[in-house]
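Atom set for the values below is all heavy atoms of this structure, side chains included, hydrogens, waters and symmetry mates excluded. Numbers restart at 1 for each chain; the letters A, B, ... are given by sequence-line order, proteins then strands.
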Amino acid sequence: VITFNTLINGLCLEGKIHQALRFFEQLVGRGGGFQPDIQTYNTIVNGICKIGETTQALRYLKIMEKRGCLPNVVTYNTIIDSLCKHMRVPEALHLFRKMTVKAISPDAVTYNSLIGGLCNSGQLKQAVLLSKEMVKDGIMPDVVTYNILVDALCKEGQAAEAQAVVEETMAQSGVQPNIVTYNSLIHGYSMRGQMDEATEVFSIMSSKGVMPDVFSYSSLINGYCETKRIDEAKRLFDEMSHNGILPDTITYTTLIKGYCQIGSIQAAKEIFKRMRDCGCHSNIMTYSTLLDGLCKHGLLDEAFSLFGSMLKEGVEAN
RNA sequence: GGCCGUCUUCUGAAUG
């Protein structure tokens with residue numbers, strides 16, 4: 001069973017959900033005689049959710065019951081999270097109540113998904129309320145819970161408040177911030193152009209033994225680009241490689257945009273070239289960033305020629 | 001008795 005689960009999950013991870021489903025049906029169908037276990041079903045349900053067919057995933061709850069494999073907390077969590085990610089929070093809350101009725105206790109993952117869903121639909125207040133409910137329910141908020149709330153505050157432009165949550169509330173609860181926590185703060189400050197504060201968080205994390213990663217650097221670089229301090233951005237870009245952290249597609253795209261914004265199209269093109277040389281793939285965002293830069297500076301011929309290479313590379317226009 | 005292999009939640013980039 002584990003072998004098959006691993007195979008099915010492998011297909012799902014590669015985005016080959018339909019292939020995974022076919023494989024699954026073959027195994028279960030006549031002749032297959034394979035008895036899927038709860039994890040097999042959960043993997044399938046997750047695959048279905050990831051292609052946006054959450055409604056079909058909901059049907060699987062019934063199918064599983066009929067086949068004598070009762071959905072567990074992971075099954076519910078998977079679907080609840082998918083509903084939340086597709087802005088169907090009311091339905092998620094409904095399913096949340098339903099699982100309790102079926103005597104399946106929600107866990108931290110359940111609450112975290114719902115809290116995240118509320119945050120993403122602009123209901124931060126409700127999200128905080130739910131995190132208090134969670135405590136009443138005997139489940140302590142974990143680092144993910146805090147990360148969701150911290151990130152939501154940051155995205156609302158309240159990075160300082162978010163940092164206070166980290167330094168006060170989290171500290172009091174004995175929950176250690178992790179790299180995601182720090183990265184959210186760095187991003188929060190960077191997006192407001194508060195680069196001193198962002199840099200401060202960057203040093204705090206290092207001093208606590210949480211080493212900055214490609215997310216940390218990309219956010220900082222983005223902040224410096226937005227504030228037109230391209231030299232600082234470039235310095236960090238060089239520094240990260242030195243520290244053994246490879247810039248990825250997003251990092252390159254960020255820097256390309258930075259150069260475009262200050263009118264250094266030539267430099268932007270050089271970074272784009274360097275990116276290829278380093279074997280880093282450009283995607284639609286990279287191309288549209290550079291295309292935008294070229295167009296805004298009247299270099300339409302070059303833009304069209306770049307567009308042509310993009311199609312040739314198999315990157316689809318949107 | 002312990003450990004290892006399969007499922008769910010959090011962070012970065014483009015145009016308008």
Could you tell me the separation between the [atom1] atom of [X] and the [atom2] atom of [N], rounded to a whole number of Å?
X         : N      : atom1 : atom2 : answer
Ile139(A) : U8(B)  : CD1   : P     : 19 Å
Tyr111(A) : C10(B) : OH    : C1'   : 18 Å
Ile79(A)  : C7(B)  : CD1   : P     : 17 Å
Ile48(A)  : C7(B)  : CD1   : P     : 17 Å
Leu95(A)  : U9(B)  : CG    : P     : 15 Å
Asp107(A) : C10(B) : CG    : C1'   : 15 Å
Ile38(A)  : U8(B)  : CD1   : P     : 13 Å
Leu93(A)  : U9(B)  : CG    : P     : 18 Å

What residues, two or more places apart in sequence or in another chain, satisfy ring pair (Phe, Tyr, Trp, His ring centres under 6.0 Å) together with Tyr287(A)?
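Tyr287(A) satisfies ring pair (Phe, Tyr, Trp, His ring centres under 6.0 Å) with Phe272(A) only.
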Phe24(A) vs Tyr60(A) aromatic rings, parallel, tilted or perpendicular, using cut-offs 30° and 60°?
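Ring orientation, 0 to 90° scale: tilted.
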Show every side chain to side chain donor-acceptor pair (under 3.5 Å) that has at least one partner inside residues 159-170 of chain A, sequence neighbours left out.
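Every side chain to side chain donor-acceptor pair (under 3.5 Å) pair that includes a residue of residues 159-170 of chain A, provided the two are not neighbours, is Gln163(A)-Glu167(A), Gln163(A)-Tyr189(A).
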Can you list every pair that meets side chain to side chain donor-acceptor pair (under 3.5 Å) and has a residue in residues 127-136 of chain A, with sequence neighbours left out?
none
Are Glu91(A) and Arg88(A) within salt-bridge range, i.e. N to O under 4.0 Å?
yes
Quick one, give me the B/S/- string for nucleotides 11-16 of chain B, reading 5' to 3', where B means a protein heavy atom under 4.0 Å from the base and S means that only happens at the primed atoms, P, OP1 or OP2.
BBBBSS
Check this one for me: any side-chain N or O of Lys85(A) less than 4.0 Å away from OP1 or OP2 of U8(B)?
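False: Lys85(A) side-chain N/O out of range (4.0 Å or more) of U8(B) OP1/OP2.
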So, does Asn42(A) get its side chain near the phosphate of U8(B), meaning an N or O under 4.0 Å from OP1 or OP2?
no
Tracing side-chain contacts under 4.5 Å among Ile, Leu, Val, Met, Phe, Trp and Tyr outward from Val135(A) reaches Met140(A)
How would you label the contact of Ile2(A) with the nucleic acid (heavy atoms, under 4.0 Å): base, sugar-phosphate, or nothing?
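Base contact - Ile2(A) has a heavy atom under 4.0 Å of at least one base atom.
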With Ser264(A) via side-chain contact (heavy atoms from CB on, under 4.5 Å) - residues at least two apart
Tyr259(A), Ile262(A), Ala267(A)
